[in-house]
Amino acid sequence: MSKVKFRLLVGIMSFSLIGIIIVQMYWIVSSYKNNEEQFKYHVQQVLGNVGSGLQQNEATEFYRMYNQLKDSIGTPPKQSELKQYYIVERNPTTNEQIVYSNILVLEDYNIKSSFFDKKADSLKVKNFVSKRKTEIYKGDDFDRNNLKQNYPDEVIEQSGNLDVLDKAQFDIYFKDIVALRSIDERISKTKLKELLEQELKLYGVNAKFEFGIYNKGLSTKIKSEDFIYEEGSTYGVPIFTDNENRSKYQLYITFPEKSKYLFSSLVGITLLSVLFTIVIIAAYLNAINQLIKQKQISEIKTDFINNMTHEFKTPIATINLALDAIKNPKIINDPEKVERYLKMIRDENKRMHAQVENVLQISKLERREFDVEKEAMDVHEIIENAVDHVGLIVQDRGGEINLHLDARRSDVLGNDFHFTSVIVNILDNAVKYSKDVPVIDVYTENVKEFILIKIQDHGVGMSKQAQKRIFDKFYREHTGDLHNVKGHGLGLAYVQQIVEVLNSQVYVESEKGKGSTFIIKMPLIN
């Protein structure tokens with residue numbers, strides 16, 4: 001996959017993922033706002049119902065007292081006519097004259113408003129009565145101009161209270177009277193709380209609440225202990241309106257845990273949304289990581305094939321030249337030269353075989369098919385043996401390997417051949433990545449029940465990123481202007497595999513431009 005296609009694919013996937021997250025967040029915020037609007041509507045309904053209920057309960061109680069007082073008065077009320085009207089109608093069939101009359105009467109029970117409240121004015125409490133009469137006149141001597149001179153043949157009388165007028169008058173003097181009372185005389189804190197709880201439950205609002213009544217912006221005694229006015233969480237409504245529909249009292253209710261309550265209904269779906277989003281993000285990151293790894297592996301494999309081709313090209317070319325030389329009549333008859341060319345062919349063949357074997361060993365180690373026999377061995381002897389293998393190469397470049405074998409105990413459980421190869425690989429790396437004269441120091445020391453082997457060089461070093469991947473198969477650190485470093489990126493992968501098989505650890509410490517130190521930690525034999 002080309003870099004352009006790769007970047008385009010990553011861009012599209014990233015854009016889609018961000019879009020999904022934004023849509024999810026928008027949906028959650030919208031749902032929260034809808035819950036908040038519905039909550040606000042329900043609370044306003046609750047406050048309106050409670051306010052109406054308070055005034056209605058007060059009026060009902062007042063009306064009960066009023067009726068009890070009326071009924072307890074023995075003398076009939078003083079009556080005065082306010083207005084009367086007549087309707088005269090003639091029945092053409094019977095020749096009867098029918099007079100309908102209605103008289104509006106005011107009854108005064110002599111109950112003063114000061115009886116209900118000592119602070120009230122001396123406004124008398126009265127009510128209205130309607131007296132209705134139907135008179136039937138027979139004959140022709142009915143005088144329409146002077147109704148009082150006529151004597152009816154039949155009279156039907158009815159009377160009754162005028163509820164509409166009574167209620168209107170009652171509301172007027174009731175509101176005037178109770179307006180003089182203090183708020184704690186009109187409603188108790190317990191009763192108010194009970195009404196609020198009933199109404200909130202009716203509307204399905206189960207959030208914790210606090211309440212309070214304010215008089216012209218000042219707090220009154222009727223409030224819960226923890227009530228605090230909070231903008232956005234407190235709702236109010238006027239209560240106990242007077243005859244001009246004005247009120248000096250405001251009933252407030254606040255919800256300290258409003259946000260928590262509103263969000264509680266969204267917790268389930270939000271958690272699922274977050275969970276699925278996390279899964280998508282994890283899958284996305286994993287996919288990107290896999291794409292990057294595949295791209296890196298592809299590049300590494302390409303480098304590996306190029307390096308292997310280059311490494312095989314030289315011995316193959318050498319073998320071909322040697323074979324061509326042997327076929328030469330002048331050389332084929334010279335046993336000494338033939339033997340030299342045959343030795344060259346054998347050496348190059350061994351070199352190619354060793355490279356193939358190295359690749360196969362790594363593959364077997366990864367599949368756990370490679371059997372490494374373990375036995376007691378002396379680490380110091382292994383190190384000295386490995387130094388002998390690379391000593392000529394170091395001397396050829398004018399360098400040196402300094403041994404500081406200070407460990408008092410050096411017996412471990414391992415494999416002579418493979419562990420020698422491990423040390424040789426690390427030493428060979430130290431030589432390869434030394435720009436100038438290679439100077440290598442090898443240290444050993446005991447730390448508790450372990451032996452530490454440190455192989456330190458003063459070469460080009462490596463970056464932090466390279467240190468994380470140095471033991472990966474096929475990986476090779478870029479060496480800048482150092483072009484003489486050959487290999488396939490398998491040596492250190494082999495080192496790590498063997499060390500782990502031997503129940504040991506290997507890691508590297510390095511700084512760019514200041515060299516590297518490879519450390520092997522192995523358990524000692526008790």
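Treat the numbers as computed from the prediction; the structure is a model and nothing was measured.
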Query raised in the report: Going by heavy atoms in the side chains, are Glu210 and Ile253 under 4.5 Å from each other?
Result: no
Query raised in the report: How long is the gap from CG on Asp388 to OG1 on Thr420, to the nearest 0.5 Å?
Result: 10.5 Å
Requested in this report: Over all heavy atoms of both residues, which pair between Val205 and Tyr261 is shortest? Give the atoms and the distance, please.
Outcome: CA-OH, 3.6 Å
Query raised in the report: For the atom pair CG (Asp411) and CE (Met377), what is the distance rounded to the nearest 0.5 Å?
Result: 10.0 Å
Query raised in the report: Can you tell which of His380, Arg409, Arg408 makes a side chain to side chain donor-acceptor pair (under 3.5 Å) with Thr444?
Result: His380
Query raised in the report: If we only count heavy atoms from C-beta on, is the Asp436 to His458 side-chain gap below 4.5 Å?
Result: no
Query raised in the report: Of the non-hydrogen atoms in Val390 and Ile401, which two are nearest, and what is the gap between them?
Result: CG2-CD1, 3.8 Å
Report task. Return the minimal non-hydrogen interatomic distance between Gln456 and Thr517, and the atom names on each side. Result -> CG-OG1, 3.4 Å
Query raised in the report: Is the Phe211-Phe227 ring centre distance short of 6.0 angstrom?
Result: no
Requested in this report: Measure from NZ or CZ of Lys454 to the centre of the six-membered ring of Tyr443 and say whether it is under 6.0 Å with the direction within 45° of the ring axis.
Outcome: no
Report task. For Leu492 and Asn429, run side chain to side chain contact (heavy atoms under 4.5 Å, CB included): C-alpha distance rounded to whole Å, both residues' side-chain angles, the deciding distance at 0.1 Å, then the answer. Result -> CA-CA 9 Å; Leu492 291 178; Asn429 251 30; 3.3 Å; yes
Query raised in the report: Looking only at heavy atoms, what is the nearest atom pair of Asn415 and Leu502, with distance?
Result: N-CD2, 4.1 Å
Report summary line: On a heavy-atom basis, the closest approach of Ala376 and Leu413 is N-CD1, 3.9 Å
Query raised in the report: Between Ser510 and Gln467, does a side-chain hydrogen bond (donor to acceptor under 3.5 Å, both in side chains) hold up when you go through it step by step?
Result: CA-CA 8 Å; Ser510 183; Gln467 291 178 47; 4.6 Å; no
Requested in this report: Could you walk me through whether Ser264 and Lys260 pass side-chain hydrogen bond (donor to acceptor under 3.5 Å, both in side chains), step by step?
Outcome: CA-CA 6 Å; Ser264 62; Lys260 181 180 177 181; over 6 Å; no
Query raised in the report: In terms of heavy-atom contacts, does NZ of Lys40 have more than 12 from other residues, nucleotides or ligands at under 6.0 Å?
Result: no
Query raised in the report: What is the distance from atom CD1 of Ile183 to atom CG of Leu54, rounded to the nearest 0.5 Å?
Result: 8.0 Å
Requested in this report: Answer yes or no: is there an ion pair linking Glu339 with Arg346, defined by an N-O contact shorter than 4.0 Å?
Outcome: yes
Requested in this report: State, with a plain yes or no, whether a side-chain heavy atom of Arg397 is found less than 4.5 Å away from one of Val431.
Outcome: yes
**Report entry** side chain to side chain contact (heavy atoms under 4.5 Å, CB included) evaluation trace for Tyr249 with Lys216
**Finding:** CA-CA 6 Å; Tyr249 296 112; Lys216 295 180 180 179; over 6 Å; no
Requested in this report: Would you indicate whether Gln290, at its atom CD, is surrounded by more than 12 heavy atoms from other residues, nucleotides or ligands within a distance under 6.0 Å?
Outcome: yes
Query raised in the report: With ring centroids as reference points, do Tyr252 and Tyr229 lie under 6.0 angstrom apart?
Result: yes
Extract all donor-acceptor atom pairs below 3.5 Å that involve side chains of residues 12-29 and protein atoms in other chains or at least two apart in sequence.
residue, atom, partner, partner atom, Å
Ser14, OG, Val10, O, 2.7
Ser14, OG, Tyr284, OH, 2.2
Ser16, OG, Ile12, O, 2.9
Gln24, OE1, Ser273, OG, 2.4

Query raised in the report: Can you find a heavy atom in the side chain of Val387 that is under 4.5 Å from one in the side chain of Ile440?
Result: no
Report task. Begin with the C-alpha distance, continue with both residues' side-chain angles, and end with the deciding distance and a verdict on side-chain hydrogen bond (donor to acceptor under 3.5 Å, both in side chains) for Asn49 and Glu199. Result -> CA-CA 8 Å; Asn49 293 345; Glu199 288 293 327; 3.2 Å; yes
Query raised in the report: Can Ser516 and Asp457 be said to form a side-chain hydrogen bond (donor to acceptor under 3.5 Å, both in side chains), step by step?
Result: CA-CA 6 Å; Ser516 304; Asp457 65 62; 4.6 Å; no
Query raised in the report: Below 4.5 Å, heavy atoms only, C-beta onward: do Lys448 and Leu524 meet side chain to side chain?
Result: no
**Report entry** Listed partners of Phe255 passing ring pair (Phe, Tyr, Trp, His ring centres under 6.0 Å), at least two apart
**Finding:** Phe39
Query raised in the report: Do the rings of Phe518 and Phe471 sit parallel, tilted or perpendicular, given the 30° and 60° boundaries?
Result: perpendicular
Report summary line: The reported gap from CG in Leu323 to CG in Asn328 (rounded to nearest 0.5 angstrom) is 13.0 Å
Query - Side-chain (Asn425) to main-chain (Ser421) donor-acceptor, under 3.5 angstrom - result: yes
Query raised in the report: Could you walk me through whether Leu200 and His42 pass the side chain to side chain contact (heavy atoms under 4.5 Å, CB included) check?
Result: CA-CA 8 Å; Leu200 288 170; His42 286 163; over 6 Å; no
Query raised in the report: How many angstroms lie between CD1 in Ile326 and CE in Met344, if you round to the nearest 0.5 Å?
Result: 9.5 Å
**Report entry** Side-chain touch Thr220/Tyr214, heavy atoms, less than 4.5 angstrom
**Finding:** no
Query raised in the report: About how many Å separate CD1 of Ile453 and CD1 of Ile426, when rounded to the nearest 0.5 Å?
Result: 8.0 Å
Query raised in the report: Does a side-chain heavy-atom distance below 4.5 Å link Glu509 with Ile519?
Result: yes
For residues 187-196, which side-chain N or O atoms pair as donor and acceptor with protein atoms under 3.5 Å away, sequence neighbours left out?
residue, atom, partner, partner atom, Å
Ser188, OG, Lys191, N, 3.1
Glu194, OE2, Gln198, NE2, 3.4

Query raised in the report: For Ile228 and Thr254, which heavy atoms make the closest approach, and how far apart are they?
Result: O-CG2, 3.7 Å
Query raised in the report: Do the non-hydrogen side-chain atoms of Leu47 and Val43 ever get within less than 4.5 Å of each other?
Result: yes
Report task. Go through the steps to decide whether Val274 and Thr270 satisfy the test side chain to side chain contact (heavy atoms under 4.5 Å, CB included), and finish with yes or no. Result -> CA-CA 6 Å; Val274 170; Thr270 301; 4.2 Å; yes
